[in-house]
Amino acid sequence: MTKGAIVSRAEDFPRWYQEVIAGAEMADNGPARGTMVIRPWGYGIWELMQAELDRRIKEAGAENAYFPLFIPESFLKLEAEHVEGFAPELAVVTHGGGKELEEPLVVRPTSETVINSFFSKWVQSHRDLPLLVNQWANVVRWELRPRLFLRTTEFLWQEGHTAHATEEDARAYALRILDEVYRTTMVDILGVPVLTGHKTARERFAGANRTWTCEGMMGDGKALQMGTSHELGQNFARPFDIAFSNASGGRDYVWQTSWGVSTRLVGALVMGHGDDFGLRLPPALAPAQVVVLIVKDAPEVRSAADALVAELRQAGHRVRLDDRTDTSFGRRSVDWELKGVPVRVEVGPRDLAEGNVTVVTRHRREKENVALGSVGAAVATVLATAGAELLAEATAARDARTVEAGSLAEAVEAGSEGFARVRLGALGPDGEDRLAEHAISVRCLQRPDGSLAQVGDAEDDLVAVVGRSY
RNA sequence: CGGGCUGUGGCGCAGCUUGGUUAGCGCGCUGCGUUCGGGACGCAGAGGUCCCCGGUUCAAAUCCGGGCAGCCCGACCA
């Protein structure tokens, strides 16, 4: 096997990332600054993620709906912290139909405000609660430093919005989404280990009382916020007047949550699993799980390949046939490797004469000679185990870069290379400012055993996981 | 929005200091042939307002002025 077609991860991680995205034909920069064209391979990955998330969201009881892209500017201004948080990154439409608009329209940076204005209509009685709504949409935030998938001006995401009768119910739901939808999908499907915890006041969502987060570590040791679930309290219920008649005849404001994950997850997959040879996809998210390659065009090769494709499809795998024999075999192998296809089955006359084919496992880059009759089993084994192996590898890499720190100085040192775990109290009152001087932030707060903080926990005794981040 | 850098075929770059025939190179692309078990080779081709505007000059990719765009590093973010 030859050296990679791209720069090595260790040599220049940002450039490596760009080359993987380009080489795997996942996305291109759009014509307007910060925009992104998602190509079929990248979109295929997103669609598979989307399906996994959507199923779990529905299992959690939320229903899909769609709200408009344009939001009257006045809506945003109803919640002070919210508008303040988003003001710098808003795209505002001032003209339409050839003339200036009476009231500018904001292109949604999130749909909190529109959705809540309708919640106020829809919620009248405690019998209307909980109200659980999700939408799949694009949103726009005017980003100054775009990076494909990780931070673009327009991106695709899912945003859930819920209203509950009690604070406890809202909190429980926010945590349910965090765990059963987000953490589970990230760990079991993406194979990217995540820490869960909550954000400090500085890092939390504008308008939330508490922001819960899933934090992953990428291949260069930097953190990536992969998803958030917010307890909004009654911060939107009051200005938007979302109130209901309770069972005893009184009138209460609802308690709310919102939560989202985005196409950023595709970036997490690249940076979490990619190697010097390109992308490595967990089978669950591979648009093609198996590629059957014809090494050389010959009747017996072709018929053997066709039979294998049919057999593997019959077994329920996503299979592609690569019979482009006008392109060299080496080139095609490298192409599929870059794209991260979990298994390649190489069918050539030499092996075939002995009744064999070559099965190549992408994530381990291992080749194996397999008898024709055993290909189905061999492929099934790889597809069944690759995801867990990627997760184990990523977990080991993260743990190797995670250090217990006792002081701010130690946290700065370890946090520059990976994660440092340090007691929040040990950072001092201006700890976050001091960390920021070194481009380090508190990614999340947890109990010392890694579990989520509970109501009543003393903040200073919580552990801050700190590091550099995307 | 501060600091550094760069704009030359699709992509990556050279040429600019010291203006001077037809602006080169690698990859990619097209055709033909030989190849095909880890990015094949030969031959023949296509493709460029040298970011834009103005100036200097007999002559500007090259020098000067002004714009614009992009990249990297910081502050803000899914």
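Numbers restart at 1 for each chain; the letters A, B, ... are given by sequence-line order, proteins then strands.
Between A:Arg331 and B:rG28 there is a side-chain N or O to OP1 or OP2 distance below 4.0 Å. Between A:Ser262 and the phosphate of B:rA78, there is no side-chain N or O to OP1/OP2 separation shorter than 4.0 Å.
RNA chain B is contacted by both A:Asp335 and A:His230; A:Asp335 maps to the nucleotide lying nearer its 5′ end (nearest heavy atom per residue). Annotation: of the two residues near RNA chain B, A:Lys296 and A:Arg468, the 5′-most nearest-nucleotide partner is A:Lys296.
Here A:Trp157 does not lie in a stacked arrangement on the base of B:rA78, lacking the combination of planes under 30° and ring centres under 5.5 Å apart.
Here A:Leu265 lies out of heavy-atom contact (under 4.0 Å) with every strand. Contacts of A:Thr263 with the nucleic acid, taken as non-hydrogen atoms under 4.0 Å apart, are absent. When heavy atoms are screened at a 4.0 angstrom cut-off, A:Pro349 is found touching base atoms of the nucleic acid. Base contact: A:Gly348 has a heavy atom under 4.0 Å from a base atom. At a threshold of 4.0 angstrom between heavy atoms, the contacts of A:Thr152 include nucleobase atoms, whether or not backbone atoms are also involved. Note on A:Asp351: a base of the nucleic acid sits closer than 4.0 angstrom, heavy atoms only. Among the heavy atoms of the strands, none lies under 4.0 Å from A:Ala22.
Here B:rC36 is the nucleotide among B:rC36, B:rA78, B:rC76 with the atom lying nearest to any side-chain atom of A:Phe329. Out of B:rC76, B:rG38, B:rG37, the shortest distance to the side chain of A:Glu89 is found at B:rC76. Taking every side-chain heavy atom of A:Phe155 into account, B:rA78 is the closest of B:rC77, B:rG38, B:rA78. Taking the side chain of A:Lys367 as heavy atoms from C-beta on, and the options B:rG37, B:rA78, B:rG38, the nearest nucleotide is B:rG38.
Checked by atom type and distance alone, the side chain of A:Arg362 pairs as donor or acceptor with a backbone atom of A:Glu337 at under 3.5 Å. Put simply, the side chain of A:Thr263 never gets that close to the backbone of A:Phe155: no donor and acceptor are under 3.5 Å apart.
The nucleotide B:rC77 finds no pairing partner, because no Watson-Crick or G-U wobble arrangement with both distances shorter than 3.5 Å includes it. Across all strands shown, nothing is found opposite B:rA14 as a Watson-Crick or G-U wobble partner with both distances under 3.5 Å. In this structure B:rA69 sits in a base pair with B:rU6, meeting the Watson-Crick or G-U test at under 3.5 Å. Across every strand in view, B:rG33 sits in a pair with B:rC41 that passes the Watson-Crick or G-U test at under 3.5 angstrom. Pairing for B:rU57 is absent, judged as Watson-Crick or G-U wobble with the two contacts each under 3.5 Å.
Listed in residue order, the members of residues 213-228 of chain A having a heavy atom less than 4.0 Å from RNA chain B are A:Gln225.
No donor-acceptor contact under 3.5 angstrom links the side chains of A:Thr162 and A:Gln256, judged on distance only.
Electrostatic pairing of A:Arg202 and A:Asp433 counts as a salt bridge here, judged by a charged N lying under 4.0 Å from a carboxylate O. We find that A:Glu459 and A:Arg210 are joined by a salt bridge, their nearest charged nitrogen and carboxylate oxygen being less than 4.0 Å apart.
A distance of 10.5 Å separates OG1 of A:Thr196 from CE of A:Met186, quoted to the nearest 0.5 Å. Distance check, rounded to the nearest 0.5 Å: CD of A:Glu203 to NE2 of A:His198 gives 12.0 Å.
Note on ring orientation: taking the six-membered ring where Trp is involved, the planes of A:Trp259 and A:Tyr173 are tilted (angle from 30° to 60°).
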